[in-house]
Amino acid sequence: NSYYLYVHGFRSSRGTFALQMRELPSNFNCNQAVDLVLNTALYGTTEGANVIPPAIGNCLNAVSTAPGVWYRHVEPLPGPGELSGGLLPELQIRVTPVTDGFVPQLSLFKGASCDSMSCLAGSVSRLSFEPQEGNTYYLLVHGLVDTFGDYTVELTYDGQEAQEVEPNRSTCDSPVGIPIGE
């Protein structure tokens with residue numbers, strides 16, 4: 001696809017300008033939640049996402065009035081030969097802001113689908129919970145009040161460290177051409 005952008009000054013004003021383009025998050029809808037990867041720090045952003053209405057995003061101490069994005073974790077069932085029904089280690093979710101001034105809030109839900117989930121926990125920046133085998137958990141990352149920004153999100157079992165994954169960003173090796181004045 002080709003897109004054309006026309007930039008002009010107000011009335012007879014002229015000058016230089018800076019143009020920044022970035023990809024919008026694809027997980028702004030619960031049904032498009034990104035799977036969390038255990039022991040891996042994923043890069044994310046709420047910039048450009050939709051404001052999540054309080055009726056959907058409010059969960060205990062986390063009040064939704066800012067843009068938010070969704071993640072999902074399915075706690076696996078035991079494999080062949082593994083015991084079922086035992087106590088699982090506590091899962092920890094930590095969101096570390098990259099953008100100055102961004103205060104991440106976390107709303108954690110449990111349910112078979114986005115249409116049948118219920119509030120489990122709400123917190124600022126981090127939370128812990130005891131998972132149950134075979135259950136699906138949905139995490140909404142949103143800002144405090146009206147803040148938005150970039151962050152990393154980690155899902156680990158108690159006491160484990162996450163490996164950081166670099167964000168998928170374009171580089172000067174693969175620039176996107178923007179035709180000017182045709």
Side-chain angles (χ1 to χ4, degrees), residues 3 5 7-10 13 15-73 90-109 114 119-129 137-178:
Y3 298 95
L5 177 66
V7 179
H8 60 89
F10 180 71
S13 298
T16 59
F17 66 95
L19 176 66
Q20 180 182 8
M21 297 175 65
R22 71 187 296 169
E23 191 173 336
L24 295 177
S26 62
N27 55 333
F28 60 88
N29 185 320
C30 180
N31 291 319
Q32 296 169 314
V34 169
D35 287 325
L36 288 169
V37 179
L38 191 61
N39 299 325
T40 303
L42 300 176
Y43 176 85
T45 186
T46 60
E47 186 173 352
N50 296 332
V51 173
I52 305 297
I56 296 171
N58 283 4
C59 187
L60 300 178
N61 296 328
V63 178
S64 178
T65 58
V69 292
W70 292 90
Y71 293 90
R72 179 181 59 199
H73 171 68
E90 195 170 69
L91 274 174
Q92 298 178 345
I93 299 172
R94 182 173 69 195
V95 175
T96 305
V98 176
T99 303
D100 288 338
F102 176 54
V103 180
Q105 287 197 104
L106 312 177
S107 297
L108 183 67
F109 302 89
C114 294
C119 170
L120 189 62
S123 184
V124 173
S125 297
R126 65 178 53 210
L127 56 81
S128 300
F129 68 102
Y137 300 92
Y138 293 93
L139 173 68
L140 173 62
V141 176
H142 51 105
L144 182 64
V145 186
D146 60 356
T147 63
F148 57 87
D150 301 342
Y151 59 86
T152 58
V153 57
E154 303 171 21
L155 175 70
T156 59
Y157 283 114
D158 190 21
Q160 294 181 334
E161 292 292 320
Q163 300 295 318
E164 189 164 338
V165 172
E166 286 295 315
N168 182 10
R169 296 182 179 164
S170 17
T171 65
C172 288
D173 297 334
S174 58
V176 176
I178 301 175

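What you find for Ser128 and Gln92 is that their closest heavy atoms are OG-CG, 3.4 Å. The heavy-atom pair separating Phe102 from Gly149 by the smallest distance is CD1-N, 3.5 Å. Residues Tyr138 and Cys30 share a closest heavy-atom pair of CD2-SG, 3.7 Å. Residues Tyr71 and Ala33 come closest through the heavy atom pair C-CB, 3.8 Å. Contact between Cys59 and Leu120 at its shortest, heavy atoms only, is SG-N, 3.7 Å. Shown here for Thr99 and Phe148, the closest heavy-atom pair between the two residues is CG2-O, 4.4 Å.
Side-chain N or O atoms of Thr152 include none that pairs as donor or acceptor with a backbone N or O of Tyr43 at under 3.5 Å. For Ser123 (side chain) and Arg126 (main-chain N/O), a donor-acceptor pair under 3.5 Å exists by modelled atom type. Side-chain N or O atoms of Thr65 include one that pairs as donor or acceptor with a backbone N or O of Val145 at under 3.5 Å.
His142 NE2 to Thr147 OG1: the interatomic distance, rounded to the nearest 0.5 Å, is 10.0 Å.
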Output, in order, the C-alpha distance, side-chain angles, deciding distance and verdict of side-chain contact (heavy atoms from CB on, under 4.5 Å) for Leu155 and Leu139. CA-CA 11 Å; Leu155 175 70; Leu139 173 68; over 6 Å; no

Between Leu140 and Trp70, does the side-chain contact (heavy atoms from CB on, under 4.5 Å) criterion hold? Intermediate values first, please. CA-CA 5 Å; Leu140 173 62; Trp70 292 90; 3.7 Å; yes

Verdict with supporting geometry, Leu106 and Val124, side-chain contact (heavy atoms from CB on, under 4.5 Å): CA-CA 6 Å; Leu106 312 177; Val124 173; over 6 Å; no

Checking Leu38 against Leu91 for the side-chain contact (heavy atoms from CB on, under 4.5 Å) test, could you report, in this order, the C-alpha distance in whole Å, the side-chain angles of both residues, the deciding distance, and whether it holds? CA-CA 9 Å; Leu38 191 61; Leu91 274 174; 3.9 Å; yes

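Between Val51 and Pro67, the closest side-chain pair of non-hydrogen atoms falls below 4.5 Å.
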